[in-house]
Amino acid sequence: MLLPLTEIQNNVFVALQAYVVQHGYPPTIPELSKIVGKTNVGGELVVLRKKGWATKIEGQGKRSTIPSEEALDKVTESKQGNLKI
């Protein structure tokens, strides 16, 4: 079950999803932080995983957080690709 996101969490999720779609692999925390314009988004990634929006791939090192299947399904259903929570 996906739990509601704050505005910054939504921004981080949208940036994460867009990066994965564009590059075919997840961003590092510094790359994602730069995209979002925040010093560090590590805490937001932890919350995204706890709320069901992202998942961690073990053994991937610095590029280990990707959007969850449930989140991608919700984005597909929205037909906008940009969630407004």
Side-chain angles (χ1 to χ4, degrees):
M1 180 171 120
L2 299 174
L3 298 175
L5 301 178
T6 65
E7 184 177 346
I8 187 64
Q9 292 163 359
N10 184 64
N11 293 343
V12 171
F13 174 78
V14 170
L16 174 66
Q17 178 207 12
Y19 190 99
V20 170
V21 168
Q22 182 178 5
H23 297 282
Y25 53 87
T28 63
I29 290 174
E31 289 169 335
L32 192 56
S33 296
K34 185 176 180 181
I35 293 166
V36 176
K38 201 167 183 262
T39 305
N40 189 333
V41 297
E44 281 79 10
L45 290 176
V46 170
V47 173
L48 287 176
R49 290 192 295 265
K50 286 181 180 179
K51 290 185 171 185
W53 290 88
T55 189
K56 186 170 185 166
I57 303 172
E58 297 301 325
Q60 288 293 336
K62 296 177 182 181
R63 298 181 185 275
S64 62
T65 301
I66 60 171
S68 69
E69 289 295 323
E70 188 176 3
L72 292 175
D73 289 345
K74 183 160 182 92
V75 170
T76 302
E77 288 172 9
S78 76
K79 296 182 183 178
Q80 296 175 8
N82 187 0
L83 297 177
K84 297 293 182 188
I85 307 298

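All values reported here derive from a predicted model rather than from experimental measurement.
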Hey, is the main chain of M1 close enough, under 3.5 Å, to the side chain of E70 for a donor-acceptor pair? yes
Is a side-chain donor or acceptor of T28 paired with a backbone partner of K62 at a separation under 3.5 angstrom? no
same_hphob_cluster(L48, I8) at 4.5 Å side-chain heavy-atom cutoff: yes
Group every Ile, Leu, Val, Met, Phe, Trp and Tyr by side-chain heavy-atom contacts under 4.5 Å, then state whether V47 and L16 land in the same group. no
Run through the side-chain heavy atoms of Ile, Leu, Val, Met, Phe, Trp and Tyr, join any pair under 4.5 Å, and report what else lands in Y25's cluster. Y19, I35
Set of residues satisfying side-chain contact (heavy atoms from CB on, under 4.5 Å) with respect to I29, sequence neighbours excluded: S33, N40, V41, L45
Got a sec, which residues hit salt bridge (Lys or Arg N to Asp or Glu O under 4.0 Å) with K38, two or more places apart in sequence or on another chain? E44
Side chains of T65 and P26 in contact at under 4.5 Å (non-hydrogen atoms): no
Could you tell me which non-hydrogen atom of L2 sits nearest to which non-hydrogen atom of G52, and how far apart they are? CD2-O, 3.0 Å
What closest approach, in Å, do V20 and P67 show between heavy atoms, and which atom pair accounts for it? CG2-CD, 4.0 Å
Can you see which heavy atom on F13 is nearest to which on L5, and at what distance? CB-CD1, 4.3 Å
May I have all residue pairs that pass salt bridge (Lys or Arg N to Asp or Glu O under 4.0 Å) and include part of residues 46-60, sequence neighbours excluded? none
Does any pair with a residue in residues 3-27 pass salt bridge (Lys or Arg N to Asp or Glu O under 4.0 Å), and if so which ones, sequence neighbours excluded? none
Could you pull out all residues at least two apart from E31 that satisfy salt bridge (Lys or Arg N to Asp or Glu O under 4.0 Å)? R63
